[in-house]
Amino acid sequence: MIYVVATLTIKPETRAEFIAAATACIKETRKEPGCKTYLFTAELDDPGAFRIFEEWESDEALKAHFHAPHMKRFQAAMGGFGIKGMTVHRYEIASVGPLR
């Protein structure tokens, strides 16, 4: 299982446009083969801050995601949101189970 965890900070005044672009990307990404979870969340105390969590069945599925037309559109739009900061980490997990 492949996990991608990201933090993203944009100019707060571009929030509505970012949410519209992200929502379109999310809708299509969730239809992709191998996508288990694709989630954006907003920080409650910072209107420009978002967290992204992705869960993929395989590295191949994640790689295909980056070539999908909707992902290319979203990446092209990113320049218009005034990105102030971003971190992205990829994790490969060998096993997953309940916490207790």
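Numbers for residues simply follow the sequence, beginning at 1. Because the structure is a prediction, the values reported are computed rather than measured.
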With a 4.5 Å heavy-atom cut-off, do Lys63 and Trp56 have their side chains touching?
no
Quick note, salt bridge (Lys or Arg N to Asp or Glu O under 4.0 Å) partners involving residues 77-100, not counting sequence neighbours, are Asp59-Arg90, Arg90-Glu92
Checking Glu54, Glu55, Lys36 against Tyr3 for side-chain hydrogen bond (donor to acceptor under 3.5 Å, both in side chains), the one that qualifies is Glu55
The residue among Met86, Glu43, Arg51 that forms side-chain contact (heavy atoms from CB on, under 4.5 Å) with Leu8 is Met86
query = Do Met78 and Ile19 belong together in a cluster built from hydrophobic side chains that touch within less than 4.5 Å?
reply = yes
Between Ala61 and Gly34 the two heavy atoms that sit nearest each other are CB-CA, 3.8 Å
Rounded to the nearest 0.5 angstrom, the CZ-CZ distance for Phe40 and Phe18 is 5.0 Å
Check your understanding: Backbone N or O of Glu17 within a donor-acceptor pair of the Thr14 side chain at under 3.5 Å?
Key -> no
What do you reckon, is CG of Leu44 surrounded by more than 12 foreign heavy atoms closer than 6.0 Å?
-> no
Margin query: Under 4.5 Å between side-chain heavy atoms, counting indirect links through other Ile/Leu/Val/Met/Phe/Trp/Tyr residues: same cluster for Val4 and Val96 or not?
Written below: no
When rounded to the nearest 0.5 Å, the distance separating CZ of Phe50 from OG1 of Thr7 is 12.0 Å
Donor-acceptor contacts, no H, no angles, side chain residues 25-32, under 3.5 Å, sequence neighbours left out:
| residue | atom | partner | partner atom | Å |
| --- | --- | --- | --- | --- |
| Glu28 | OE2 | Lys31 | NZ | 3.2 |
| Thr29 | OG1 | Cys25 | O | 2.8 |
| Thr29 | OG1 | His70 | NE2 | 3.3 |
| Arg30 | NE | Tyr38 | O | 3.0 |
| Arg30 | NH2 | Tyr38 | O | 2.8 |
| Glu32 | OE1 | His65 | ND1 | 3.4 |
| Glu32 | OE2 | His65 | ND1 | 2.8 |
| Glu32 | OE2 | His70 | NE2 | 2.7 |

Across all chains, not counting sequence neighbours, the side-chain contact (heavy atoms from CB on, under 4.5 Å) partners of Phe66 are Leu62, Met71, Gln75
In this structure, OG1 of Thr37 is separated from CZ of Phe53 (nearest 0.5 Å) by 5.5 Å
Flag yes if Val88 and Met1 sit in one hydrophobic cluster, no otherwise; membership is Ile, Leu, Val, Met, Phe, Trp, Tyr, and two members link when side-chain heavy atoms are under 4.5 Å apart. no
All heavy atoms of Pro12 vs all of Pro47, minimum pair found to be CB-CG, 4.0 Å
Rounding to 0.5 Å, atoms OG1 (Thr23) and CZ (Phe74) come to a distance of 9.0 Å
